[in-house]
Amino acid sequence: MISKRERVLCALQNKETDKIPMGFWYHFSPDEDKGEETVREHLQFYKDAELDFIKVMCDGYFNYPNPYIQNVKSAKDWYGLTPLGENHPFIRKQVERAKGVVGGVQKECCVFYNVFCPMSLMRFGTSEELLMKHLKEDTEAVKHAFEVIAEDIKTLVRLLITEAGCDGIYYCVQNAEEFRFTAEEYKEIVSPAELEVLQYANSLSENNILHCCGWAGDKNRIEVWKDYPAKVVNWAVYIEQMSLAEGKKFFGGKCVLGGFDNRKTGVLYSGTKEEVEEETKRIIQEVGIKGVMIGADCTLPSNIDIKRLVWVRKALDQLL
């Protein structure tokens with residue numbers, strides 16, 4: 001039997017593994033950083049759910065806390081935005097959290113840290129209405145802001161990998177809903193800063209996960225992310241109506257992560273033990289056993305019974 005760390009790295013390279021890797025996650029405290037308690041919660045969840053890797057949540061750090069944002073009145077004001085810098089608590093505290101989780105598992109498994117794309121951090125720090133309004137008023141000014149925010153994200157990524165010891169990032173890209181942009185608009189306005197972060201992450205680690213988020217339940221123009229350079233791709237199977245097998249082809253044969261509906265209406269949250277086991281088997285029969293890690297479309301409800309995740313682990317163990 002190989003280690004959980006080796007198992008995941010094999011899956012990332014589309015190699016055979018002794019068991020099919022599995023990873024799930026949920027928010028422990030979305031609006032606050034509880035320090036050491038947050039680290040302990042991640043480690044306990046990893047142990048109790050019998051996971052093969054840890055995705056560290058950025059709970060408490062969704063909003064981009066750049067004080068200059070308070071001075072933004074019109075779109076052109078975004079030209080004055082400057083980075084927070086590596087010593088800002090927004091960056092340092094996330095690095096310390098990641099360092100605590102990495103230290104807690106002592107290289108037993110891979111650890112990835114959740115990182116949001118520039119547009120999402122800007123949206124969190126202001127509002128969707130203001131962001132879209134300013135994009136219409138002065139697109140170049142907002143694109144400048146995306147680039148500045150990307151500099152802070154790159155600093156965070158560098159420290160997560162080189163100082164905290166994360167194996168890579170779980171990079172959450174959003175905002176490609178069909179109602180928001182055309183594919184051409186997205187590639188022109190949003191992709192440059194997004195790709196800058198991802199390519200920088202790839203220069204530090206080859207093991208980065210791309211999450212094509214269906215956060216609002218709206219279908220994305222998922223084709224805009226098709227050629228993004230990541231080792232693993234995770235997307236909302238049920239929102240995009242693209243199975244793991246279909247997605248593996250769509251994303252050029254890369255390792256895929258997911259398969260389960262993360263919502264409360266899904267089998268994982270609401271089904272019987274037998275239904276969860278059957279769904280696990282169905283997913284693997286469809287996608288195969290190489291270059292696949294079982295997980296969900298996105299974050300699970302925080303009140304899910306962890307024994308349900310263990311049901312998935314036991315079902316996977318019977319398949320190889």
As a quick check of understanding, evaluate side-chain contact (heavy atoms from CB on, under 4.5 Å) for Asp261 and Val267, giving each step before the final call. CA-CA 7 Å; Asp261 190 341; Val267 169; over 6 Å; no
Derivation of the side-chain contact (heavy atoms from CB on, under 4.5 Å) call for Phe112 and Cys166: CA-CA 6 Å; Phe112 305 93; Cys166 289; over 6 Å; no
Can you tell me if Lys34 has over 12 outside heavy atoms packed within less than 6.0 Å of its NZ? yes
Within the supplied structure, the quantity of interest is the number of heavy atoms (other residues, nucleotides, ligands) at a distance under 6.0 Å from Lys93 NZ; does it exceed 12? no
Between CG on residue Leu244 and NZ on residue Lys249, distance to nearest 0.5 Å: 13.0 Å
Could you measure the distance from the OG atom of Ser191 to the CG atom of Asp227? Nearest 0.5 Å is fine. 10.5 Å
Pair [X] + [Y]: basic N to acidic O under 4.0 Å:
X      : Y      : answer
Arg92  : Glu86  : no
Glu163 : Lys99  : yes
Lys76  : Asp138 : no
Glu151 : Lys154 : yes
Asp167 : Arg5   : yes
Glu223 : Lys226 : no
Glu277 : Lys281 : no
Glu278 : Arg282 : no
Glu137 : Lys133 : yes

Under a 3.5 Å distance rule, please check whether [X] uses its side chain to pair with a backbone N or O of [Y] as donor and acceptor.
X      : Y      : value
Asn202 : Pro229 : yes
Asp152 : Leu84  : yes
Arg308 : Leu268 : yes
Asn220 : Ile222 : no

If you take all heavy atoms of [X] and [Y], which pair is closest and at what distance?
X      : Y      : result
Ile91  : Gly85  : CD1-O, 3.4 Å
Leu204 : Arg158 : CD1-CA, 3.5 Å
Gly23  : Leu257 : O-CD1, 4.5 Å
Val39  : Arg97  : CG2-O, 3.8 Å
Asn208 : Ser205 : ND2-O, 2.8 Å

Verify the distance criterion only: is there a donor paired with an acceptor across the side chains of Asp77 and Asn71 at less than 3.5 Å? no
Is a side-chain donor-acceptor pair under 3.5 Å present for Asn14 with Lys248? yes
Between Trp78 and His134, is the side-chain contact (heavy atoms from CB on, under 4.5 Å) condition met? List the steps. CA-CA 9 Å; Trp78 287 110; His134 283 181; 2.9 Å; yes
Could you walk me through whether Glu194 and Tyr228 pass the side-chain hydrogen bond (donor to acceptor under 3.5 Å, both in side chains) check? CA-CA 9 Å; Glu194 277 187 342; Tyr228 275 29; 2.7 Å; yes
Taking the side chain as everything from C-beta on, heavy atoms only, tell me whether [X] gets closer than 4.5 Å to [Y].
X      : Y      : answer
Asn114 : Lys55  : yes
Ile289 : Ile284 : yes
Glu108 : Ser3   : no

Set out, in order, the CA-CA distance, both residues' side-chain angles and the distance that settles side-chain hydrogen bond (donor to acceptor under 3.5 Å, both in side chains) for Glu32 and Ser29, then state yes or no. CA-CA 6 Å; Glu32 63 178 325; Ser29 53; 5.2 Å; no
Test side-chain hydrogen bond (donor to acceptor under 3.5 Å, both in side chains) applied to Tyr186 and Trp225, step by step: CA-CA 10 Å; Tyr186 190 94; Trp225 300 313; 3.1 Å; yes
Before you tell me yes or no, could you show the steps for Asn66 and Tyr64 under side-chain hydrogen bond (donor to acceptor under 3.5 Å, both in side chains), namely the whole-Å CA-CA distance, both residues' side-chain angles and the distance that decides it to 0.1 Å? CA-CA 6 Å; Asn66 196 312; Tyr64 179 62; 3.1 Å; yes
Under 6.0 Å between ring centres: does that hold for Tyr26 and Phe28? yes
Would you mind listing every side-chain hydrogen bond (donor to acceptor under 3.5 Å, both in side chains) that reaches into residues 170-181, with sequence neighbours excluded? Ser120-Gln174, Ser120-Asn175, Arg123-Gln174, Arg123-Asn175, Glu128-Arg180, Tyr170-His211, Tyr170-Asn234, Glu177-Arg180, Glu177-Trp215
Below 30° counts as parallel, above 60° as perpendicular, anything between as tilted: where do the rings of [X] and [Y] land?
X     : Y      : result
Phe62 : Phe116 : tilted
Trp25 : Phe53  : tilted
Tyr61 : Phe90  : perpendicular

In sequence, state the C-alpha distance, the side-chain angles, and the governing distance for Glu50 and Leu309, and then conclude on side-chain contact (heavy atoms from CB on, under 4.5 Å). CA-CA 8 Å; Glu50 300 185 18; Leu309 310 183; over 6 Å; no
